[in-house]
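Before any comments, here is the structure.
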Amino acid sequence: MARPRPPLPPLPMRGELFVWRFDQAPWAFGPFRAPSVQHNVEFAESWNGHALRMDGDQPRLLRFPEFDASGQTNITCDVGSVRFWFRPNWSSAQAGGVGPGASARLIEVGAWAEDARYGWWSLYVSPDGDAIQFSTQGGGQQVDFLAAPIGWLAGEWHELILTYSAKASVLYVDGELAADGPGVWVGPAANVRAEGFCVGSDGAGENLAQGEFDELGTYNRPLLPRDILPHFSFYHPWSGLGPITPEEDAERRAAATKTRAEREASLPGGGQQMLRMIGSSSECVTN
């Protein structure tokens, strides 16, 4: 069994509402910023502590309220940003895979409806895994604001950042501009937004992302390229390491044993005589 790599220090950015790191034990979110619904949720060892796992063929649901218990805002749908790391357990069709097999939800507010009257706001992946799309519904209209082609391989981590306002909608993938579109002018009404947002599924726990999430952050402003690239550059080298494997642990122990032996061998008498002298002496020994 692999074990989680120690969490990296957070990198706060201006306008931050909250960041869910999914590292609390024993898998509780605490009294603040806690989910309003938590069903069949699992966590996995990750390159940055633990990650949220949203995969399989059984419903899973993790929903956070629009406002937490203290009245603090968790998400805004008109102006703001959503940032997170995602690791698919599927490969895109254009990369030789079959994709998630359904319209895989990454972040979602409200619910998709045939007549588009309920209200919906979603970042999701196409069933074949070849595109990420951002769409909304409201007042009987659906608007597809942007779509970015992807060619992902299973098991690789990617950072996604969606920014949106009345002026523009922009998607960044791995620190680079992936797609942009018009400003957001259609979306769920206040009563729908009050239900909160789901991570990795729709509101029924279906259409799972079929992957893992880490470092989910929300912001009350559109993040800019000067915010995005440094953040990605800091975390990216670590994301490829994954959790600490038993083999890595064995290598670390072997290296520590070798270093200790080399240090002892460098002492007079192979180290053992000096160690015996220090152990039997009542005086303070310094170098």
Nearest heavy atoms of Ser92 and Ile150, plus distance in Å: OG-O, 3.8 Å
N/O donor-acceptor pair under 3.5 Å between Ser91 side chain and Ala154 backbone: yes
From Ile75 atom CD1 to Phe18 atom CZ, the distance as rounded to the nearest 0.5 Å: 13.5 Å
Contact summary for Arg60 and Arg53, nearest pair of heavy atoms: CD-O, 3.9 Å
Nearest non-hydrogen partners of Asn40 and Pro59, listed with the distance: ND2-O, 3.0 Å
Shortest non-hydrogen contact between Arg193 and Pro188, atoms and distance: NH1-O, 3.0 Å
Which atom of Asn48 lies closest to which atom of Asp214, heavy atoms considered: O-OD2, 3.4 Å
Parallel, tilted or perpendicular, as decided by the 30° and 60° cut-offs, for the rings of Phe213 and Phe86: tilted
CD on Gln133 to CG on Leu146, rounded to 0.5 Å: 9.0 Å
Flag, side chain of Thr136 to backbone of Val186, donor-acceptor distance under 3.5 Å: yes
Rounded distance (nearest 0.5 Å) linking atom OH of Tyr219 with atom CE of Met13: 3.5 Å
Parallel, tilted or perpendicular: ring planes of Trp20 versus Phe64, cut at 30 and 60 degrees: tilted
For the student: nearest non-hydrogen atoms of Arg87 and Gly155, plus distance: NE-O, 3.3 Å
Phe232 and Trp85 aromatic ring geometry - parallel, tilted or perpendicular at 30°/60° bounds: parallel
Flag, side chain of Arg221 to backbone of Arg14, donor-acceptor distance under 3.5 Å: yes
Reported CG-to-CZ distance for the pair Leu17 and Arg33, which is rounded to 0.5 angstrom: 7.0 Å
Interatomic spacing from CG in Asp174 to CD1 in Ile228 - rounded to 0.5 Å: 12.0 Å
